[in-house]
Protein chains: 2
Amino acid sequence: MTNISDIAKHAGVSVSTVSRVLNNYKYVASDKREAVLRVIEELNYTPNKHAIDLIRGETRNIGVILPYNNNTAFDQLLNGILTKASENDYLITVLPSQYHKEREIAYLQKLKSRQFDGIIITSRANDWETIIPYSDFGPIISCEYTPHLEIGCSYTDRYASFVEALQLLKSRGHRAVAFTTARLTSNSTQQIILAYQEVFGEIPSGYHISDCQSLEDGYAAAKLFLQLQERPTAIYANGDEVGGGIYVYAKSQQIKVPDDLAIIGQENQPAGIGLGLSTVDHQLTKIGEQAFNLVIKKSKEKVKIPYCIVERNSV
Amino acid sequence: MTNISDIAKHAGVSVSTVSRVLNNYKYVASDKREAVLRVIEELNYTPNKHAIDLIRGETRNIGVILPYNNNTAFDQLLNGILTKASENDYLITVLPSQYHKEREIAYLQKLKSRQFDGIIITSRANDWETIIPYSDFGPIISCEYTPHLEIGCSYTDRYASFVEALQLLKSRGHRAVAFTTARLTSNSTQQIILAYQEVFGEIPSGYHISDCQSLEDGYAAAKLFLQLQERPTAIYANGDEVGGGIYVYAKSQQIKVPDDLAIIGQENQPAGIGLGLSTVDHQLTKIGEQAFNLVIKKSKEKVKIPYCIVERNSV
DNA sequence: CCTTGACTTGAAATCCATTTCATCCATTAG
DNA sequence: CTAATGGATGAAATGGATTTCAAGTCAAGG
């Protein structure tokens, strides 16, 4: 590969001058500038990014840790991040963790090795205590609320959204409300459990099914819910694909939505739109956009994004 | 930041020895190895990735050019790529182009600047003649068939799939078949036009609507199709979200699917599953996986992935 | 005519790790 | 006892840029 000193030789100048041309310095005689430009053209030269990164100590590349690469909710976050990254001339590297602690750490290590200028954590397996030390090596931004932590975040008030959605169901007369969640240990799951207890008191046995992600999971969950002695009259799903699965199962059993069964989904995803599923939109795209803004500002701010409830025909 | 020579000094050895320890060379006295390891631990040292990349000339990072970062089809491709990348200890950087020619070129330029070890093009705006010269600087793999080109690809036979799907509609008695596509200039659009002509002859005016991506686009397209004098009895949609939109519009007009209107979608996406939409699955995930395999093999092979038609209740 | 400041330019230091080469020591085989 | 071999180690070159520093030219101002 041709490098900067090849250019210098061919153009009859020093590497410093070539570098000046490359970086648009003023104070380069125009004849030399043109000579350099001509040689660059002739030899089809492009500066080596590694060398530049090494000396500059930055990459304009942000890593995004996300548990699954085929989950609509995380795609929404990612989309927001990508949009802002494009606007700001940054690149985004996706770091799928599958919630493996070691993998997550391996990715954070890459911040330390200067491979990324910053990292956005959309969801995590490790404790914050484990993660925080890595923020010495670059900004780490969370998409989950991080009170009392030296970590910036872009989040929505899930607890409040859950309370509001559950209140909505309650106000429509529902007393037997079941719900699905993703991982038991996730922040979001913790929040909805608290919100549920706040609104309806104890969770009846069988009214909470965790580890739901796909339409199929929703279908299976609905089957279980509707076999219960005390059949729920409403279900809060942790995503519109899961909600869609519940909807499809209900239809297959001639159960009328919303009359016999109300369903409310989450995140306003394509899978729900066609079905007319009501949904709690946590504005994941906006959360992603803000997360990106924070990471390049190396900010430790905590930015709250408003959620909104989209009513369609399933409640 | 502490670097390799700091480690060397503190451990009382040369940088070569530290490097040997770092890279697990044999032939390092065990006392020195331990001393080095101890100092690394103490000073919390991590090698600088830029320096390593510079000297090694590779990054284990693959760039993936995709037009939209919020399009389910491209997400499916990306998922396949990410899965294989994780398995092989590679990182994936997503490069959204919005089909801007200059952006696409800017990304290819990054291959030349050694920022990526290879690039996967899921879809493109530029001509191949413009793209091919960049393959001098690293492997470029296409997710579209590239006959006669020095570019490896992982693809499915879209022409055949379109013919088969249209034949299926024909065999069910449909003679008035409309269809939606994405960009007019895309390879896929070219193929379906040819396939349509093969199966049904000339395309009746108004029977082809392009630039469809979302459920909303499908909804709007359906409205137009169903206002035509010669109303189509079947619609082939270029994706299940578009198909879902068509479905929803049909329902809203009390048009029965599939009796009054058959709908067939594409790519077997979540949006279609709940609706029971029949679909042509081009196995985008598998195409992505193969594309990754090819890129790290620096292969120019052309790998064909079989498609399959998934019949549900909309045809 | 001298000083000052605006331009121009190149040598060399710097960023940080890998790798080649040369050297040295200690065995072991012949 | 010598030659060959296997281990162990460091100096220096290498990868490819940026940037500081010093020095030189030239024209304008006093």
Side-chain angles (χ1 to χ4, degrees), chain A residues 1-40 43-61 109-117 137-138, chain B residues 1-40 43-61 109-117 137-138:
Chain A
M1 283 294 289
T2 122
N3 61 25
I4 196 173
S5 73
D6 294 335
I7 304 297
K9 266 175 225 148
H10 282 80
V13 299
S14 71
V15 293
S16 333
T17 298
V18 178
S19 176
R20 288 187 188 107
V21 172
L22 252 18
N23 293 282
N24 265 313
Y25 249 67
K26 47 185 189 174
Y27 301 157
V28 176
S30 58
D31 56 331
K32 304 216 173 185
R33 162 165 279 129
E34 275 155 33
V36 169
L37 256 17
R38 199 175 330 112
V39 175
I40 286 177
L43 300 186
N44 194 14
Y45 165 76
T46 304
N48 183 311
K49 184 65 161 42
H50 306 317
I52 295 174
D53 286 349
L54 175 58
I55 202 152
R56 287 220 217 279
E58 58 155 47
T59 37
R60 297 189 83 79
N61 192 332
Q109 199 74 25
K110 290 178 193 296
L111 182 60
K112 195 175 166 194
S113 72
R114 319 227 139 277
Q115 190 162 179
F116 301 117
D117 291 349
F137 310 107
Chain B
M1 283 295 290
T2 121
N3 63 25
I4 198 173
S5 74
D6 294 334
I7 304 298
K9 266 175 223 147
H10 281 81
V13 299
S14 71
V15 293
S16 332
T17 299
V18 177
S19 176
R20 288 186 188 108
V21 172
L22 252 18
N23 293 283
N24 266 313
Y25 251 67
K26 47 183 188 175
Y27 302 157
V28 176
S30 58
D31 56 331
K32 303 215 175 188
R33 161 164 277 130
E34 275 156 33
V36 169
L37 255 18
R38 200 175 329 113
V39 175
I40 286 177
L43 300 187
N44 195 15
Y45 165 77
T46 304
N48 183 310
K49 183 66 160 40
H50 306 317
I52 296 175
D53 286 349
L54 174 58
I55 203 154
R56 288 221 216 279
E58 58 153 48
T59 38
R60 298 191 80 79
N61 193 333
Q109 199 74 23
K110 289 177 192 296
L111 182 60
K112 195 174 166 194
S113 72
R114 319 228 137 278
Q115 192 163 178
F116 300 118
D117 291 350
F137 310 108

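All values reported here derive from a predicted model rather than from experimental measurement. Chain letters run A, B, ... following the sequence lines, proteins first and then strands; every chain starts at 1.
Nearest heavy atoms, A:Pro47 versus B:Ser113: O-CB, 3.4 Å. Summarising the geometry of A:Thr46 relative to B:Gln109, their closest heavy-atom pair is OG1-NE2, 3.2 Å, with the distance given to 0.1 Å. Residues B:Arg33 and B:Val21 come closest through the heavy atom pair CA-CG2, 4.0 Å. Pairing each heavy atom of A:Val15 with each of A:Ile4, the nearest pair is O-CD1, 3.8 Å.
Rounding to the nearest 0.5 angstrom, the gap separating the CD1 atom in B:Ile7 from the OG1 atom in B:Thr2 is 4.0 Å. Going from atom NZ of B:Lys112 over to atom OH of A:Tyr45 covers 10.0 Å, rounded to the nearest 0.5 Å. The line from CZ of B:Arg114 to CD of B:Glu58 is 10.5 Å long, rounded to the nearest 0.5 Å. Atom NZ of B:Lys49 is separated from atom CG of A:Leu54 by 12.5 Å, given to the nearest 0.5 angstrom. Residue B:Arg20 holds its CZ atom at 6.0 Å from OG of B:Ser14, rounded to the nearest 0.5 Å. B:Asn48 CG to A:Gln115 CD: the interatomic distance, rounded to the nearest 0.5 Å, is 10.0 Å.
Phosphate proximity of C:dT9 to A:Lys32: present, with a side-chain N or O under 4.0 Å from OP1 or OP2.
When DNA chain D is scanned in the 5' to 3' direction for atoms under 4.0 Å from non-hydrogen atoms of chain A, the outermost contacting nucleotides are D:dG16 to D:dT20.
In this structure, the helix from C:dC1-D:dG30 to C:dG30-D:dC1 shows an angle of 50° between the axis at its start and the axis at its end, each fitted on 5 base pairs and rounded to 10°.
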Reading nucleotides 13-19 of chain C from 5' to 3' and marking B where a protein heavy atom lies under 4.0 Å of the base, S where only the sugar-phosphate is that close, and - otherwise, the string is -BBBBBB
For nucleotides 26-29 of chain C, list the nitrogen or oxygen atoms of the protein found under 3.5 Å from its nitrogen or oxygen atoms, one pair per line.
none

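If you check every strand for non-hydrogen atoms under 4.0 Å, B:Lys26 touches nothing.
Qualifying side-chain hydrogen bond (donor to acceptor under 3.5 Å, both in side chains) partners for A:Asn61, counting only residues two or more places apart in sequence or in other chains: A:Thr93. Taking A:Asp6 as the reference, nothing meets the side-chain hydrogen bond (donor to acceptor under 3.5 Å, both in side chains) condition, with sequence neighbours excluded.
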